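As C-alpha cells, the structure follows; a few thoughts come after it.
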There are 2 protein chains.
Amino acid sequence: MTVTNIDQRYEIVKDLIDTEDWNALKDVIGKLPTIEIVEILEKLEEQDLLLVFELFSKKEKAQIFGEFSRDLQYQIFNKLDKRAFSKIFEDMRSDERADFYQELTLEEQTSLLPYLNKQVRSNVVELSAYDSDSAGGIMTTDFATVRVWMTVREAVDKIKIDSPGKKMIYYVYVVDDEKVLLGFITLKDLILADLSDKIADLLHVDYVAAKVNDDRERAARMIEKYDLVALPILNDDHKLVGIVRHDDAIEVIVAEQTEDMEKMMGITSSNDEGDDEGYMDISVFRHFKKRVVWLVSLAIVGMISGLILHHFEAALDQMVILALYMPMLADTGGNAGSQASTVIIRALSLGEVTVKDWWTITFKEMRISILLAVCLSSIAFIKVSLLSFDTLLPGTLTLSYVAFIISLALALQVVSSTIIGAGLPIIVRKFNGDPAVVASPAITTIVDITGLLIYFSLATAFLLQV
Amino acid sequence: MTVTNIDQRYEIVKDLIDTEDWNALKDVIGKLPTIEIVEILEKLEEQDLLLVFELFSKKEKAQIFGEFSRDLQYQIFNKLDKRAFSKIFEDMRSDERADFYQELTLEEQTSLLPYLNKQVRSNVVELSAYDSDSAGGIMTTDFATVRVWMTVREAVDKIKIDSPGKKMIYYVYVVDDEKVLLGFITLKDLILADLSDKIADLLHVDYVAAKVNDDRERAARMIEKYDLVALPILNDDHKLVGIVRHDDAIEVIVAEQTEDMEKMMGITSSNDEGDDEGYMDISVFRHFKKRVVWLVSLAIVGMISGLILHHFEAALDQMVILALYMPMLADTGGNAGSQASTVIIRALSLGEVTVKDWWTITFKEMRISILLAVCLSSIAFIKVSLLSFDTLLPGTLTLSYVAFIISLALALQVVSSTIIGAGLPIIVRKFNGDPAVVASPAITTIVDITGLLIYFSLATAFLLQV
C-alpha cells in the first residue's frame, strides 16, 4: 500500500539527505508511484532536489520530470547541461515532452534540438505544432500498431520489438500499409487467440476516432461517452497520428470544469497560460487581471440601475420606506436568477437540454418560479410588517397595504429573474456563444435593472401621490 | 467511423421498423457502439423499442439495457417476463446490475431472485449492500486474478477460462491463496514474457488501492491522480473484492462537479435520488425543493440588512443620494466576494491549497482586492459625479466630496468582501464543513450587511450633520 502520510515520508527523506545515505534514500522512495516521488521532491530545496533526482535512472528521471510543475521543470532544465537533459527529454512521454518544449523560448528550443536524436526531434517539432486546445495538442504518439495482414504471432513479435518499457498499451491499432486506421484489437484478443490466427479476423471495425484539429474537450467527451481507455486521433487522410489517453481526458474535463466555474463568476481564464496552474502559482497581478474585466464591465452596466434610481429620486424622497426594501428585492432576484442560470448552463454543457427545448424549459422555470415567489413574497410581507411598524407613511396608506405592494413587486421580480436567468444562457448558446458568461454576476446586474423597474412602476402606480 | 448524425440514423431506423425489415435494421445499428444504439432506442415508442430490442443477442441486450436511463430500464423490466429478464440481468456488468437492483422495491427484488443462478444472486446481493456513495457502491466484480505461484502459461490459461466475452481487462491482479492482493501485472507484461516465466517475477508490488468503504469520490480522485485504468478495492482483510474502472471514475468526478456547482448557487442536491438524472427528468416540485431552502434562509438572514437600513432610515431621509448608491455597493461587493470564494473553493477541492495556507491566501487576496478597489472606486467616483450632478446636497457639502466618501466606502467594501469571500470557505473547511455552501448566494447576503455598515458609518461620520 503506497498511501501513507506524505509529510512523514518527507521527514525521513530529509534526514537521509542530511546523513547523505543515498542507498537507503533510493530504497525508501525508489519504488513509490511516480506522482508520490514528485510530491516529495517538490518539497525539497533546489540543491537537495537535484541530488536526489540524480539517484534515478534515465527512464525514471523522464517520468518524474514529466510530472513536475512547469516552473520546476524550467528550473531543472536550466541547471542541467543540455546534453544530460536531452537524454532525459528523449525518454519522456511524447505529449508531456511536447508540452514542455512549447513553453521554451526559441533560443532555448534551438539550444536543445541539436542534442536530440532525429526521430525525437521531428516528433517534438510535429507535436508542438498543434494548438494546445486541440486533440493534437493533448495526444501522445506512444501507441502500438500492427498491420492487418499479420498473424497473431507476427503481431506479438512486432509489439515486443517496438513497445518501449513504460509505454501503456491497451488497444493495438490495426492499419494498412499507408498507416490508414482500419480498426483495433485489444491485448486481451491477442492473449485469447491462437498464434496462428489472422489479425484481420480479430479486427474490431466499429471504432470511434477524432480528428487532430478537433477541440480537445470534444475528444475528452468522446472518451467519456464511449468509456474508452484511449481515443485514436486521425489526420485528414484518415491516417493514425496519435492517441488521447483516458487520464489526459480526465485532466481536460477537470480543467474545463474549473474554467466553467470561473466563467460563471466572471473570472476570465488566461488562455495564454496553461490550465494546470494552481491558485498559488498564479501571481497577484494575474489574479487581478482575471477578475477585474468583469467587475469593471458590470460596474459600468450598473450605471443603468444608477440612472433608474436617479430618475425615481423624488419617489424615494417622498417615501423613504421604498429605499429600505430595494436591497431585499435585488438580492432575492439575483439569487433566484443565478440558481436558474446555473442549472441551465450545467444542463446545456452536459447535453441534458438543447436550444430546441427552450419552450419546455421556460414553461418549467415559470412554474418553479411561481412556487418560489409565493414563499418568498410571504416572507417579504412579514418582514415589512415587522421592521417598518413604526414608519410614518404619507397620506392614507396603511402599512399592510404598502407591505402587500412591496411583496407583490418581489413576487414579480422572482418570476422574471428566474426566467431571465434560465433564458439568457439558451439565447447565448443559440448564437453560438458560451452560456457560462451569463451566469451569476451578469444575471445579478441585469435583474437589478428589471427589479428596480418593477419596484418603482408598482410604487408610482399604487403608493405615490403625484 | 461511427460518428454521424443521430437524427438521420433515427429516421432510417423508423422507416425500417415501419417496413418491418428487421434484418436490414440489425445491419444498420447492430455494429454501432452500445451507447449509440441506446441513443436511438431511447427515441423510439415503447412497442417499437421492444421489437428492436428483441433483435439483439442476450449479451448485447445486457450491454444495451445497462446504458438505458433508470426509467426506461424500469419500463422494460415490467414488460418482460421475469425469466426472460433474468437472462439479460445475468449478463449485465456487475456494478450496473447492482445499481438497477437497488432501485427495485423489495417485492420486485424477491420476484427476480429465484430466476438468477446462485453465483449471480449472491454477487448482486453483496454489491447492492454497499452505500452508493462508497467505493463499494461503484465497483465492479468483473476483474481477472491469477495466483502468485503460477507461470505465465498457467496465468494465460486461467484468463482464457474465466474471462467472459466483453469483460474489459487491463490489469491482472495477483493474489495469494486467500485472495489477499499482492500486486498486479499488465496484459502487456504477459505478452512480452515467455510462457515459462514466473508471475512472481513479473509482479508489480507498488500498487495503489482503496478500501470498500472509502468515499467514492476519494476512489475516483485516486484513479485521476495515479492515471489508473482501474483501481483495486480491498476489504478490511486486505482481500480483493472489486475494481473501480476509469470510466466510472469520470462519471463520479462529473457528478460531484455538478453537485459542487449547484451547492455554490445554493441549490441543495437531493441525495435520495441518483446524480445521473438530467434537468428534464426532475419534476417541477423537486426543482422547487432543491432551490427554495437556500432562498428562504437567505431571505431570513437578509432581515439583518433590513434592520440596519431601518436603523439608518433617518440618514436616508436626510440625504436621499445615499439611497441611490446602495445597490452599486451591494452588487460590487457581492461580485468581488463571489469571485474570491469561487477561486478558493475550487482550489480547496482540487487540493491546490489547504487550511494551513490561510495566511498566504488572505494576504494574497488582500493585495488582489486593493488593486480591484482602486479601479472600481474610481469608476464609482465618476459615476456619482455624472449621475448626481443636479442633486441638491444638504449644508456645505460639495458633490465631489460626497462622491469621494461614497467611493471610499466602495473601496473598503471591495477589500472586505474579497477577504470574507476567500476566508469563509477556509473557515468552513477548517471545521470539516463543505466550503461550497459559503459560495455566491451566502457571500452576497453576508457582504450586504458589512457593506451597509461600512457605508452608513462613513456617511454618518463625514456627511450627516447630527
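In what follows, chains are A, B, ... by sequence order, proteins preceding strands, each numbered from 1. In this text the structure is predicted, and so the values were computed from the model without any measurement.
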* To do: Go through the steps for A/F288 and B/C375 under the test side-chain contact (heavy atoms from CB on, under 4.5 Å), then give the verdict.
  => CA-CA 11 Å; A/F288 164 70; B/C375 300; 3.6 Å; yes

* Counting only heavy atoms closer than 4.5 Å, note whether B/A193 contacts chain A via side chain, backbone, both or neither. => backbone

* Would you mind checking which part of A/L190 comes under 4.5 Å of any heavy atom in chain B, side chain (CB onward), backbone (N, CA, C, O), both or neither? => side chain

* To do: List the steps and the verdict of side-chain contact (heavy atoms from CB on, under 4.5 Å) for A/I253 and B/Q257.
  => CA-CA 10 Å; A/I253 289 171; B/Q257 176 67 16; over 6 Å; no

* Rounded to the nearest 0.5 Å, what's the gap from CD on A/E224 to CD on B/E251? Could you check? => 7.5 Å

* Structure fact -> Per-residue tally against chain B (heavy atom, under 4.5 Å) across A/L181, A/V292, A/T444 peaks at A/V292

* **Which atoms of A/S378 approach chain B - backbone, side chain, both or neither, heavy atom under 4.5 Å** => neither

* To do: Please assess B/K188 against A/L187 for the test side-chain contact (heavy atoms from CB on, under 4.5 Å), listing each intermediate value before the final yes or no.
  => CA-CA 7 Å; B/K188 188 175 143 211; A/L187 288 183; 4.0 Å; yes

* Using a cut-off of under 4.5 Å on heavy-atom pairs, state which of B/V156, B/L309, B/I368 scores highest against chain A. => B/I368

* To do: Starting at CE of B/M303, measure out to CG of A/L386 and round the result to the nearest 0.5 Å.
  => 6.0 Å

* To do: For A/K383 and B/A299, indicate whether the former's side chain and the latter's backbone hold a donor-acceptor pair under 3.5 Å.
  => yes

* Flag the pair B/K225 and A/E67 as a salt bridge only when some basic side-chain nitrogen lies within less than 4.0 angstrom of an acidic carboxylate oxygen. => no

* Side chain / backbone / both / neither for A/L387 at chain B, heavy atoms under 4.5 Å -> both

* Structure fact -> If one checks every heavy atom of A/D331 against chain B at 4.5 Å, the contacting part turns out to be side chain

* Check salt bridge (Lys or Arg N to Asp or Glu O under 4.0 Å) between B/R346 and all other residues, then give those that pass, not counting sequence neighbours. => none

* Structure fact -> Heavy-atom closest pair (A/P327 atom, B/M326 atom, distance to 0.1 Å) is CG-CE, 4.3 Å

* Any chance you could measure A/I159, atom CD1, to B/L192, atom CG, to the nearest 0.5 Å? => 8.0 Å

* chain B heavy atoms under 4.5 Å from A/L228: which part of the residue, side chain, backbone, both or neither? -> backbone

* Structure fact -> Among B/T34, B/I321, B/I361, B/T445, the residue with the most heavy-atom pairs under 4.5 Å to chain A is B/I361

* Nearest heavy atoms of A/R221 and B/V254, plus distance in Å -> NH1-CG2, 4.3 Å

* Asked: With a 4.5 angstrom heavy-atom cut-off, which part of B/M328 approaches chain A: side chain, backbone, both or neither?
  -> neither

* Chi angles and distances behind the side-chain contact (heavy atoms from CB on, under 4.5 Å) call for A/T418, B/R291 -> CA-CA 11 Å; A/T418 308; B/R291 301 186 199 178; 3.9 Å; yes

* Asked: Measuring heavy-atom distances to chain B, does A/A315 have an atom under 4.5 Å in its side chain, in its backbone, in both, or in neither?
  -> neither

* Asked: Does any heavy atom of chain B fall under 4.5 Å from the side chain of A/D448, the backbone, both, or neither of them?
  -> side chain

* Just wondering, do B/L324 and A/L316 contact through their side chains at under 4.5 Å, heavy atoms? -> yes

* Asked: Who among B/I345, B/V320, B/T342, B/V284 has the most heavy-atom pairs with chain A under 4.5 Å?
  -> B/V284

* Asked: Is chain A contacted by the side chain of B/A380, its backbone, both, or neither, given a heavy-atom distance below 4.5 Å?
  -> neither

* Can you label the angle between the B/Y170 ring and the A/Y170 ring as parallel, tilted or perpendicular, going by 30° and 60°? => perpendicular

* Structure fact -> Taking every heavy atom of A/Y279 against every heavy atom of B/E365, the minimum-distance pair comes out as OH-OE2, 2.6 Å

* Greatest number of heavy atom pairs closer than 4.5 Å to chain A - which of B/V353, B/T332, B/I300 -> B/V353

* Structure fact -> When the 4.5 angstrom heavy-atom criterion is applied to B/L376 and chain A, the contacting part is side chain

* Asked: Side chain, backbone, both or neither: which part of A/I35 has an atom under 4.5 Å from a heavy atom of chain B?
  -> side chain

* Asked: Can you say whether B/V384 sits under 4.5 Å from chain A via the side chain, the backbone, both, or neither, judging by heavy atoms?
  -> neither

* Asked: Picking from A/I379, A/T258, A/V296, which has the most non-hydrogen pairs under 4.5 angstrom with chain B?
  -> A/T258

* Structure fact -> The interface call for A/S305 against chain B, heavy-atom contacts under 4.5 Å, is neither

* Structure fact -> The interface call for A/T360 against chain B, heavy-atom contacts under 4.5 Å, is side chain

* Do B/H287 and A/V343 come within less than 4.5 Å of each other through their side chains, counting heavy atoms only? -> yes

* Is chain B contacted by the side chain of A/A323, its backbone, both, or neither, given a heavy-atom distance below 4.5 Å? -> both

* Structure fact -> Turns out that what part of B/L371 lies under 4.5 Å from chain A's heavy atoms comes down to both

